[in-house]
Amino acid sequence: MKNVAIVTLKGIFRDRIFHGILVNVAFFVLIPSIATLSMRQVTELSLTLSLSLVSFILLLLSIFLGGTLLWKDIERRYTYSVLGLPLTRGRYLLGKFAGTAIFTLFVSIVLGVATYLVVSWVSIIYPPERAILWGNLTVCILFEALKYILVIAVAFLFSSVSTSFFLPVFGTISIFLAGNVTQQVYEYIHSASGSALSPLVCQVAVGLYYILPNFSAFDLKVNAIYGIPISLSGTLLTFVYFVLYAAIVLGLAVLVLSRREMR
Amino acid sequence: MNRTIIILVLSFVSYISILGAFSRYMASRPIAEKLGYVPSVEVVKAVSADQKELVSAFFVTKVLLYFGGLLEKQQNELPIPPDYPAMSRMIHGAVQLDPYNMDAYYFAQSILVWDVGKVEIANELLDYGMRFRAWDWYLPYFAGFNHAYFLKDYAGAARYYEQAGRLSGSDLLKNLAGRYLQESGKTDMALAYLYAMEKGEKNPAIKKSFRTRMMAFQEVRHIEIARDHYRQTIGRLPATVEVLIQEGYLRTPPVDPYGGHFYLELDGRVATTSKFAFVSTKSVGKKNKVQGAH
């Protein structure tokens with residue numbers, strides 16, 4: 001499994017998709033000048049733009065790498081040679097996932113450093129009224145990485161089922177969008193306005209809330225941008241949620257791939 | 001191959017030939033059209049996924065660029081009414097996406113209050129913002145000013161100024177508020193506020209907006225001084241501003257930078273036909289109340 005992870009990691013660095021997405025890093029250079037459009041919160045806007053860019057790059061990587069890595073191996077029949085080795089399909093999938101997850105963490109660290117540099121530079125020129133909490137920024141970027149690792153896990157689950165890249169890519173995009181809105185829907189149906197909805201709609205919404213990944217839990221951008229304290233217990237709980245949810249999704253993916261007929 | 005090159009060259013030449021007309025069309029499009037349409041905030045929230053803060057910043061920047069472009073383009077004469085309701089909708093959308101976005105509150109206070117006269121809507125926004133930006137003394141400071149100057153609710157103003165003083169760690173605001181309310185007239189109070197705002201502003205469009213208003217209020221102050229001088233000397237209020245000029249109480253005719261004419265109300269209050277705005281404002285619907293606050 002370790003070897004699969006290492007090979008996956010090396011493969012990603014040579015992947016054209018990665019090279020294409022890497023071009024977006026150049027936008028970091030523009031952030032200090034765009035941030036000056038703000039009237040009263042230049043540093044906060046630079047943080048908003050930097051974190052959005054980090055999030056966007058990680059989203060592209062997780063969807064396109066997560067959604068195509070496994071599918072490409074199956075499509076190009078690389079899996080036959082790999083699975084001919086004394087390696088179970090489950091370990092193969094987990095190895096690929098581990099390689100992609102480590103890569104995501106690595107990219108997050110690099111993008112995090114770029115964010116630190118940009119925001120430090122802007123804050124020297126336009127000192128913010130409220131001190132930047134660098135710890136919050138670090139936790140925020142870490143949780144962004146965890147969120148996109150979870151997205152990769154979802155993409156792997158779709159890849160284990162699908163024979164083309166459409167389901168892994170578009171299915172993951174749909175789950176990502178839905179997973180970002182479930183909390184909002186859940187709160188709405190439990191508010192006074194939600195009482196007008198039919199009980200069936202409410203039950204379906206609550207069901208989806210528990211089934212779909214809750215990505216909004218990983219979003220700590222507001223805490224990083226405006227220096228709002230982060231709840232320690234909340235982050236620990238979110239981390240446990242991440243571990244358990246990823247375990248379930250990967251478990252399902254292993255189960256499906258193990259039973260899949262490959263021709 | 002040759003045919004491809006010919007088609008390519010023809011396309012390129014045609015493209016160059018329409019560029020002028022295209023640019024002119026884009027420049028002549030109604031400005032309100034350029035601000036665009038804001039879809040339902042709930043839809044934007046769902047679609048923006050984890051980029052709500054970015055979309056909020058985008059909304060505010062769009063309004064700011066629209067308003068700045070309008071000021072620059074029309075050189076302070078606005079034949080096309082600014083689309084204030086659309087601006088208000090965008091600002092409200094922005095704070096619902098990111099309730100911490102200070103630029104949105106600041107823009108609302110700078111433009112919605114002065115140019116549109118929607119003080120209640122601005123105060124609602126400020127109250128909403130105070131629930132999130134609990135550390136920020138600017139929001140209660142703005143609200144205090146609105147209550148004192150526009151609504152003449154001095155008790156409410158004192159409460160907000162006290163809050164601003166507590167948050168800023170200085171009694172200065174409380175003292176200033178007291179002094180303005182007791183010793184100075186309304187115009188002095190507005191001038192002092194505008195001066196402080198203009199000094200701390202770096203955005204050229206907003207700075208210009210403050211300067212124009214200060215110029216107008218300075219003219220009002222000159223007329224007020226001349227009016228009081230006339231009343232002290234003659235024993236009654238002057239009938240018109242022109243009387244003050246003719247009888248030498250005002251050296252030069254006052255100029256309203258908004259394009260209006262100053263006149264005296266029956267009670268002697270100085271007013272202008274422009275109502276201190278470039279154009280008459282459209283109504284900003286009640287729909288713009290911060291839904292997220294309820």
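Residue numbers begin at 1 in each chain, while the letters A, B, ... track the order of the sequences.
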- Query: If contact means a heavy atom pair closer than 4.5 Å, which residues of residues 113-128 of chain A contact chain B?
  - Reply: Tyr126(A)
- Message: Among Asp50(B), Asp136(B), Leu54(B), which residue has the highest count of heavy-atom pairs closer than 4.5 Å to chain A?
- Response: Asp50(B)
- Counting only heavy atoms not in Phe150(B), do more than 12 sit closer than 6.0 Å to its CZ atom? yes
- Query: By number, which residues in residues 24-50 of chain A have some heavy atom less than 4.5 Å away from chain B?
  - Reply: Thr36(A), Leu37(A), Ser38(A), Met39(A), Arg40(A), Gln41(A), Val42(A), Leu45(A), Thr48(A), Leu49(A)
- Residues of residues 134-155 of chain A with any heavy atom under 4.5 Å of a heavy atom in chain B: Glu144(A), Lys147(A), Tyr148(A)
- Message: Can you tell me how far apart CD (Gln51(B)) and CG (Asn180(A)) are? Round to the nearest 0.5 Å.
- Response: 9.0 Å
- Query: Quick one: of Glu53(B), Lys52(B), Met102(B), who has the most non-hydrogen atom pairs under 4.5 Å with chain A?
  - Reply: Glu53(B)
- If you tally heavy-atom pairs under 4.5 Å between each of Ala49(B), Ser56(B), Ser48(B) and chain A, the highest tally belongs to Ala49(B)
- Query: So what's closer than 4.5 Å to chain B heavy atoms on Phe56(A): side chain, backbone, both or neither?
  - Reply: both
- Please list, in residue-number order, every residue in residues 214-245 of chain A that has a heavy atom less than 4.5 Å from any heavy atom of chain B; write 'none' if there are none. Asp219(A), Lys221(A), Val222(A), Ile225(A), Tyr226(A), Ile228(A)
- Task: Identify which part of Asn101(B) has an atom lying under 4.5 Å from any heavy atom of chain A, answering side chain, backbone, both or neither.
- Result: both
- Interchain contact, Tyr138(B) with chain A, by part (heavy-atom threshold 4.5 Å): side chain
- Could you tell me which portion of Leu64(B) (side chain, backbone, both or neither) has an atom closer than 4.5 angstrom to a non-hydrogen atom of chain A? side chain
